[in-house]
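What you see is a predicted model, and the numbers here were worked out from it, not measured in a lab. Order of the sequence lines fixes the chain letters, A, B, ..., with proteins taken first and strands second; residue numbering starts at 1 for each chain.
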Amino acid sequence: MRYTSFTPYDFVLLAQGLGVSLALFLATSLIGLVIGTIWAVIRFYRVPVLTPFIAFLAELLKNSPVLVQLFLVFFGLPALLKINVTPVEAAVITLSGNTAAFIYVIAVSAIESIGRDQIESARVFGLSRWQVLHHIIAPQAMAFAVGPLTGLLVNQLQVTSLISVIGVVDLTKIGNILNLRTLKPFIVWTIVGGLYYVTAKLVALGGAMLEKRLRAHTAWKGL
Amino acid sequence: MIRARGVRKSFGSAIVLDGIDLDVESGEVVSILGSSGSGKSTLIRCMNGLEKLDAGSITIDDFDVSRPKDLAEARKRSATVFQLFNLYPHMTAVQNITLAPIQVLKRSRAEAEAAARTLLDSVGLGARADAYPAQLSGGQRQRVGICRALAMNPRYLLLDEITSALDPEMTAEVLNILAQLAKNGTTMVFVTHEIEFARTISSRIVFLDKGQLVVDLPTEEFFAADGGMARPRISQFLSKMRKD
Amino acid sequence: MPFDVTILAPHVPFLLKGALLTAEACALALVGSLIIGLLVAALRTSSSPLLSRAAFVYVDLFRNIPFIVQLFFFFYGLPEIGIYVDAFTTGVIALSIAGGAFSSDVIRSGILAIDTGIIEAAEVSGLSKPVIFRKIVMPIALRTSIRPLGSVFINLVLTSSILSTITLNELTGSAKIVASDTFRPFEVYAVLLIAYASLTYLVSLAIGVLHRRLNRDRMPEVA
Ligand SMILES: Nc1ncnc2c1ncn2[C@@H]1O[C@H](COP(=O)(O)OP(=O)(O)OP(=O)(O)O)[C@@H](O)[C@H]1O
Ligand SMILES: [Mg+2]
C-alpha cells in the first residue's frame, strides 16, 4: 500500500470523512445548545447548589484542553465505571459538554444584556418568571446571541478535528490515512484544510444571514 | 517665511480652501479668524502636510510641503500645537517632549531631557515633568503640548484653537505663555476664537470666509474696520463672537 | 478500582517535566505569535492594498483551519521539502503561526482604536513611519489589547496539548504515558484537567495584574 498515488476512491473517503465531521458537529452543537441553554435557565431561576455547580463546571470545561476532556471520557470513564465507551460516544459526550459550556456563557451574557430593570418591570406587571423568560428575554437574547454563537460554531467545527485522535474516522483521520498511504503530506493536508476552511466559511455565512434576518425582524417590531 | 499661493482644497464636492494666498514673515504673529467651517483648520493642516493640496503651493523657508523630499525639512522648521493636545498617552510629559528631539534632531537623551525640564519649568510644570497625560489637567496638558512643539526649536509655531477645549482659568494659563512667546519674537500662525487675545498679541489678522481669505490687515486696521467700514461680514462676525 | 489520586504521587516528577516542556513551548510560541501578530497587524493596517490583502488571507486561513491539520501539515510536510526539525520546534512554529493570526486581529483592533490625532502629532513632529510604529502605535495598541491578548495566550496553552499528537511529551503527552503505565486513566486525566484549568486561571490573574500595571498611566494618580 505504501507509495501509492491518489485514486478516485480517495474522494469518496474524503467525502465520507467530511460527512462524519459534519454529522458530529451538527449533533453535538444541537445537544450543546440545549444543555447550555438549560444551564443558563437554571441560573436564571437561581436554583441553589445547581447554579454554582454549573458555573464551576462551565469554567472547568472552558479552561481545559478538549483533548484532555476527550481522553478523560474515552479512556477514563471505562476504567472507572467498568463500562464500554466507543470513540463516537466519547466524541458526542465530550463535544456536547464542551459546546454547552460556551453556549451557557453566551446565553448568560445575552440574558444579562437585557437588563435587570426590564425584567423587574415585567415582573411588576405580574408576569411570572417563566413568562418573562419566554416573552421578553428569549426573543431579545436570541438576537443578541447570534453573532457570538456563529463565532462559537466556527470554532467548534474545528474542535471536532480532535476526535480523530481517539480513532473516530472523521475528515482529519482520513487525512492521516491518506498521508500515510500516499506520503504526499502537502497535498493531503492542503485538501483537508481546504475542506475545513470552506465548511467554516459556510457556517459563518449561515450565521451572518440568520443575524441579518433576526435584526430585520427586531427592527420591524421596534417601529 | 511661510508662503501660500493659490491653495485649493476640497473634500468631495465641498470646496474648503478656494485659492488662498498668505505670507507669514519671521517674527510675525498672524491670527486667523473666521466662522466655524470657514477652513481655518484645513489651512493649518495643509501647512504642516497633514492634508494634500489640490492646487497651489505652500512653502516653508522655500521647502515645498507638497514635495515628499522637502516635507521633512519643512516639518523640522515648523511645529504644531493641537486643539485636543494629542499627547502620547503612554509617555510622561518629559518623554512626550523629548521623543522628536532625540529621534529627529538626534539629540542625546540627557541633553533633550535637560532641555525638556527647562521648558516645563518655564511654563510652571517643573514638578509635573514625570506625570502621564491622564494625570494632568487640560491646561497642564496643553502646556506640555506647547513645550513639545517648542522643544524642536521651530521657526514657526502653528496653533489651531489650542484653548477651545479649556475652561477660562486654564485658557488664561495657556494664553499667558503665548503672550510670552510673542514677546520673545516667536513666529506664530494662530487660529483662534479669542478675539480680544488675538488683538493683543497679533501683528496681523487674516479673516477666512467660505474658504477665501477676504481680509488681511495689520491688527489695528482690522479692528478699525470693525468700526463701520465697508466690511459687514467682519463686523457681523466680531459682534457675534463678542456676544459668546 | 475506586477513585484514588495518591497512586499518581510517584509520577509527579515525570509530569512536572512534561509541564516544563509545555511552559517552554508556550513561552516561545507567545513571543513568536506576538512578533508575527505585530507584523501582520502592521501590514493589515498599512496603506498598501496588496499587503493588507495578503495579511488578511493569512489570518483568515489560519483562523479557519483546525490547528491539528496545520500541525500535521508542518510536521509531515517540512521534511518533505528538506527541512528537518524536531517535534518541539515544529510545534512552536505551528503554535506561533496560528497564535500570530489570532494576535494580529487583536492588535489590529488596538491599532484602529488609536486616536488619529496622536498619530498626526507624531507625523508633524517629523518622526518617520517606522519610528511612529515602534514608539507610538505599537506600545499603545499592545497596552490596550492586554486582556484580549491574554485570552489568545490562554488558548495557546490549551492548544499546546495537541502537540502530544506529534510525539512530543509535553504535559498531555507525559500524562498519556503515565495513564498507560498505571492503568489509572481516569485519575490521570482528571488531575490533568484540573491542572490545566488552574494553570490558565493563574495566567488570567497575571494578565489582570499586567493590564493594571501597564495602563496605570491612563488612570488618575492616587493622591
Ligand atoms: N477630512 C474631512 N473630510 C470631509 N470634510 C472635511 C474634512 N475636514 C474638514 N472638512 C470640512 O471642511 C470644512 C472646513 O473645515 P475646517 O475644520 O477647516 O473649518 P474651521 O474653520 O477650522 O472650523 P472650526 O472653527 O469649527 O474649527 C468644514 O465644512 C468641514 O466639514
Ligand atoms: Mg477648526
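The environment of K201(A) atom NZ is dense: over 12 non-hydrogen atoms of other residues, nucleotides or ligands sit within 6.0 angstrom. Annotation for F186(A): atom CZ counts as buried by contact number, over 12 foreign heavy atoms lying within 6.0 Å. More than 12 heavy atoms of other residues, nucleotides or ligands lie within 6.0 Å of CE in M138(C), so this atom counts as buried by the packing criterion. Shown here is F6(A), whose CZ atom has more than 12 heavy atoms of other residues, nucleotides or ligands within 6.0 Å. Heavy-atom contacts from other residues, nucleotides or ligands closer than 6.0 Å to OH of Y45(A) number more than 12.
Contact count against chain C (heavy-atom pairs under 4.5 Å) is highest for G193(A) among A204(A), P78(A), G193(A), G175(A). Comparing V165(A), N179(A), L60(A) by how many heavy-atom pairs each has under 4.5 Å with chain C, the most go to N179(A). Contact count versus chain A (heavy atoms, under 4.5 Å) is highest, among L78(C), L61(C), D60(C), for D60(C).
Interface remark: T172(A) contributes side-chain atoms only to the contact with chain C (heavy atom separation under 4.5 Å). Contact annotation for S161(C): both backbone and side-chain heavy atoms come within less than 4.5 Å of a heavy atom of chain A. For E59(A), no part sits under 4.5 Å from any heavy atom of chain C, backbone or side chain. At a 4.5 Å heavy-atom cutoff, the contact between S164(A) and chain C is made by side-chain atoms alone. Contacts between N155(A) and chain C at a heavy-atom distance below 4.5 Å are absent for every atom of the residue. Residue K62(A) touches chain C through its backbone alone, counting heavy-atom pairs closer than 4.5 Å. Neither the backbone nor the side chain of N155(C) comes within less than 4.5 Å of any heavy atom of chain A. Of the two parts of L199(C), neither the backbone nor the side chain holds a non-hydrogen atom closer than 4.5 Å to a non-hydrogen atom of chain A. With a 4.5 Å cut-off on non-hydrogen atoms, S160(C) does not touch chain A at all.
For the pair Q158(A) and N64(C), the minimum side-chain heavy-atom distance is below 4.5 Å. Two residues are said to be in side-chain contact when any heavy atoms from C-beta on lie closer than 4.5 Å; F75(A) and V188(C) fail this criterion. Taking 4.5 Å as the limit, every side-chain heavy atom of L193(C) sits out of range of all side-chain heavy atoms of L61(A). Counting only heavy atoms from C-beta outward, the side chains of T159(C) and P65(A) never approach each other to under 4.5 Å.
Here the straight-line distance linking atom CG of L183(A) with atom CD of E80(C) works out to 7.5 Å at 0.5 Å rounding. Here CG of N63(A) is found 9.5 Å from OG of S198(C). Values are rounded to the nearest 0.5 Å. Rounded to the nearest 0.5 Å, atoms CG (L70(A)) and OH (Y189(C)) are 10.5 Å apart. For the atom pair CG (L67(A)) and NZ (K176(C)), the distance works out to 7.0 Å, reported to the nearest 0.5 Å.
Nearest heavy atom pair, residue S161(A) against residue I68(C), reads OG-CG2, 3.3 Å. Of all the heavy atoms in A79(A) and P185(C), the pair that sits closest is CB-CG, 3.6 Å. Taking every heavy atom of both residues into account, L72(A) and F186(C) meet most closely at CD1-O, 3.5 Å.
Test L171(C), L158(C), L192(C) against V68(A) for side chain to side chain contact (heavy atoms under 4.5 Å, CB included) and you get one pass: L192(C).
Relative ring orientation between F72(C) and W189(A) is described as tilted, the plane-to-plane angle lying within the 30° to 60° band.
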